[in-house]
Protein chains: 4
Amino acid sequence: MTKPSAGAQERDRRTGWKQNPEAVQANILRVARKVFAKNGLSGARVDEIASLTATSKRMIYYYFGDKEGLYRKALEEAYREVRRKEEQLNLEGLDPKEALERLVEFTFDHHHANPDFIRLVMIENIHHGKYLAASDLIRDLNRGAITQLDQIIRRGRAQGLFRDDADPLVVHWQISALSFFNVSNEATFSLIFGEKLSTAAGQKRVRQWAVTAVMNAVLAEPIA
Amino acid sequence: MTKPSAGAQERDRRTGWKQNPEAVQANILRVARKVFAKNGLSGARVDEIASLTATSKRMIYYYFGDKEGLYRKALEEAYREVRRKEEQLNLEGLDPKEALERLVEFTFDHHHANPDFIRLVMIENIHHGKYLAASDLIRDLNRGAITQLDQIIRRGRAQGLFRDDADPLVVHWQISALSFFNVSNEATFSLIFGEKLSTAAGQKRVRQWAVTAVMNAVLAEPIA
Amino acid sequence: MTKPSAGAQERDRRTGWKQNPEAVQANILRVARKVFAKNGLSGARVDEIASLTATSKRMIYYYFGDKEGLYRKALEEAYREVRRKEEQLNLEGLDPKEALERLVEFTFDHHHANPDFIRLVMIENIHHGKYLAASDLIRDLNRGAITQLDQIIRRGRAQGLFRDDADPLVVHWQISALSFFNVSNEATFSLIFGEKLSTAAGQKRVRQWAVTAVMNAVLAEPIA
Amino acid sequence: MTKPSAGAQERDRRTGWKQNPEAVQANILRVARKVFAKNGLSGARVDEIASLTATSKRMIYYYFGDKEGLYRKALEEAYREVRRKEEQLNLEGLDPKEALERLVEFTFDHHHANPDFIRLVMIENIHHGKYLAASDLIRDLNRGAITQLDQIIRRGRAQGLFRDDADPLVVHWQISALSFFNVSNEATFSLIFGEKLSTAAGQKRVRQWAVTAVMNAVLAEPIA
DNA sequence: TATGAATGAGGCTTCATTCAT
DNA sequence: AATGAATGAAGCCTCATTCAT
């Protein structure tokens, strides 16, 4: 009786779930990100998260303490993943102009491809950055987010290609604004002005417009 | 039956606005906008809204049906107010270049000065534009939002000042992105990168950067 | 449809419950006292209290905020009731000896007759007086509890009947100890030593013993 | 099988008491007594007890079955310890008067010095003595608690020093009441009437008052 | 003997909403 | 037009306990 049944053993061997805390937590976090992104912090239901999980509601509290703890970790995990991808971009070999173009394109594409991340950041801003402020991890992670851009601009200015007043922080602000807004406000924008910019063709146009806008803002000699 | 009785009139005179349905509704809407902007739709509490009101919770249901009805009306009212201000901008007398500069500045400044409106739009996007979609009023209101820009660009292109591929919709997208993001993401941006762009001086810089970026994106011959 | 049914109207007319907040609160408090007395603060179930009530669980939170708020009010109400009864005792016309005897008898009998009050005080002591400490009302109420004894002892000492070192506070302590313990520890005492002192005859004996003990402790010339 | 293996012995030597079942149980019981005394039976948390223990939660269930089993054993252990101390009191050589004084003083002091024991008994009374009733051990232990007093009173009555109606059970009741209440109700008493009787000086006074009260209640010729 | 992981049941509390006047 | 009282449904969270090793 006290011997575990073969069935249970098998299930474990197959799924790797039980007695695998990290997998359980990762599974919860993945689900939580989706549900928080869809409904916001107060709109999300712990019950819904739990039911989409391979484990039970109780485990959420076991590992994350409470709903806010789960939200915070989900947010951290989302930021961590973004940074991980950004670091894979290797722009150092390219000339400044091309590197900057690539960076804008990458940011635009990445935001476009990860609406859940965008939504989590929107939600976090609705909460005035309260949870991000409490997470040293996220702030540390992100401080580095500007390093690549900083080096590109440094090189571009050294070569006389970029304007002397091109400030990495402001350029990052510009790139982020265009890439972020494109996703965050898609719903209201397309409702009011139609879907023209939401189609594949439309997105291609605004992406190009964004690249040109950033380049022309930075280049010493803007392209006509 | 819509005429207040003499007794009601008297009470009205004493209290200032009891028995004045429109004033009661306006009061509720003003409070609701603030509370929804602060907490989101599910985060907002009908009780909190009611307590900040000069009237009672029952009146909210009396006039707006339910929480979502109140949210929708608050959203409509916010959009309506924006449009009212935009219409006061008279750019027709100006030459296209200056008119466009003014429009960018106005949008930037207006968004900066009305964070509650920005937050309502963020919230609405969190809800995938569900409530805006249900409101013919808002869509009609906003369709006109692009008319001024359309005329400016038309004139600029006619005069050979602006690029031929300058599309009012895309330019509006660009202006909105910069102006909106500047407010919507202030919390997370400043937490991660510091307050440099949030100060008065910083805001002045990004405002100028935004104007230049839009102009250089549109001008046939960008300014170096 | 919107007209209330005759049945509901009748019920209201009969019970006086609905739309009678004070009766509802009093009803809740009466039940709460019993359940808290039986199970303690953490042992009590809000659901149990609600089900024994003529109203719903929701009303408990409506009127008392939370479980602790209900406990606090129930405690206050219990103390208030005790004081109300004590004030009805009129000992001023009696000579000091007889007055003191009467006071001891009254206290002993009252505690005996109100085990729920005793249990609430036990429970409150288990909580280190935390809730009583937070209630100005209870402290104010009880400060007066010693006034009658103070006057009796004053008179007895003035007449040379009572010892000069008879301190009202200490005498009150003694009276309380005997009367309180008699009820509070009835369970363990009778389990260990049998029911002899719990029967009517046994209670009569200890009551007499208590009276004599207090008198002999106070009298200038103890009775043999 | 009760002999630890060599490997276990080694670990034992390192850790001090792992693999020493009795020490583990004693450790758990010591912690449990404190936590139950502080919070009551339902107020105590198994998790808190476990975390204050040198071992794990699982061991509590292993050794004591469930929370109530642990409580029962903690209660038993507390009673056992009290009896152990009482038996060390040797009053047989003293004359009855002095012996009785000593016994009152001892009881008063012991209760004063062991508030956790008092609190456990309070808690047990809140539970109507349910767990004590289930423990033959405790009842047997305590039956003897009155033996010493019985002999003292027997001797005092034989010598004509004590009243003929002095009943050991009633005198024990009196001694217990004063000594117990002094500790059990300290919180509420001092909150209502101030700390005067809680200070060292105040405790000295009530202790003396208790001794005198018991003596005067018992003595054939009370002291003025 | 020992333990970290896991959990079902049930507890407290909140919320938008409606009732009765 | 207005309101204080009332509520069902559902939310978040905790607890003693067991599992699997």
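The sequence lines fix the lettering, A, B, ..., with proteins before strands; numbering per chain opens at 1. All values derive from a computational prediction rather than experimental measurement.
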Completion exercise
Re dT17(F): Watson-Crick or G-U wobble partner, both distances kept under 3.5 Å, found to be dA6(E)
Exercise for the section: Using a cut-off of strictly less than 4.0 Å, decide whether Y62(A) has a side-chain nitrogen or oxygen near OP1 or OP2 of dC13(F). Expected result: no
Problem - Rounded distance (Å) that lies between atom P of dT14(F) and atom CD of E48(D) - result: 15 Å
Problem - dT14(E) OP1/OP2 closer than 4.0 Å to side-chain N/O of Y61(C) - result: no
Exercise for the section: Output the distance between atom NE2 (H127(D)) and atom CD (E68(D)), rounded to the nearest 0.5 Å. Expected result: 8.5 Å
Handout entry: Close side-chain approach of Y71(C) to E124(C), heavy-atom, < 4.5 Å
Key = yes
Fill in the blank from the handout: To the nearest 0.5 Å, atom CG of L29(B) lies from atom OG1 of T53(B) at 9.0 Å
Practice task
Could you tell me whether Y63(B) contacts a base, only the sugar-phosphate backbone, or nothing, with contacts defined as non-hydrogen atoms closer than 4.0 Å?
Solution key: sugar-phosphate
Exercise for the section: If dT13(E) has a Watson-Crick or G-U wobble mate with both distances under 3.5 Å, name it; if not, just say none. Expected result: dA10(F)
Handout entry: Closest-nucleotide ordering on DNA chain E, the 5'-leading residue of K67(C) and G65(B)
Key = K67(C)
Practice task
Run the salt-bridge test on K38(D) and E48(D) with the 4.0 Å N-O cut-off and return the result as yes or no.
Solution key: yes
Review item, nucleotides 8-10 of chain F N/O atoms under 3.5 Å of protein N/O:
| residue | atom | partner | partner atom | Å |
| --- | --- | --- | --- | --- |
| dG8(F) | O6 | R58(C) | NE | 2.9 |

Practice task
Could you tell me whether K34(B) and D116(B) make a salt bridge, using a distance below 4.0 angstrom between a side-chain N and a carboxylate O?
Solution key: no
Handout entry: Whole angstrom value for the distance that separates P of dA16(E) from OH of Y71(B)
Key = 15 Å
Problem - Complement of dA1(F), any strand, by Watson-Crick or G-U distances under 3.5 angstrom - result: none
Completion exercise
N39(D) atom CG is separated from dT14(F) atom C1', nearest whole Å, by 15 Å
Completion exercise
Rounded to whole Å, CD of E68(D) lies from C1' of dT17(F) at a distance of 13 Å
Practice task
Check whether any side-chain N or O of T55(C) sits under 4.0 Å from OP1 or OP2 of dT7(F), and answer yes or no.
Solution key: yes
Problem - Given DNA chain F, 5'-ward residue of the pair G43(D) and D47(A), judged by closest heavy atom - result: D47(A)
Practice task
Measure the distance from CE on M59(C) to P on dT13(E) and round it to the nearest whole Å.
Solution key: 16 Å
Problem - Heavy-atom side-chain contact between R80(A) and L137(A) under 4.5 Å - result: yes
Practice task
Grab the CD1-C1' distance between I28(C) and dT7(F) for me, whole Å please.
Solution key: 13 Å
Practice task
Whole angstrom is fine here: how far is it from CG in N20(C) over to P in dT21(E)?
Solution key: 13 Å
Handout entry: Rounded distance in Å - CG (D66(B)) to C1' (dA16(E))
Key = 9 Å
Fill in the blank from the handout: Between the CG atom in N27(A) and the CG atom in N20(A), the distance rounded to the nearest 0.5 Å is 10.5 Å
Handout entry: For Y79(B), all residues meeting ring-ring contact (aromatic ring centres under 6.0 Å, His included), sequence neighbours excluded
Key = F117(B)
Practice task
Under 4.0 Å between any heavy atoms, over every strand shown, what does A44(B) touch: base, sugar-phosphate, or nothing? Just pick one.
Solution key: sugar-phosphate
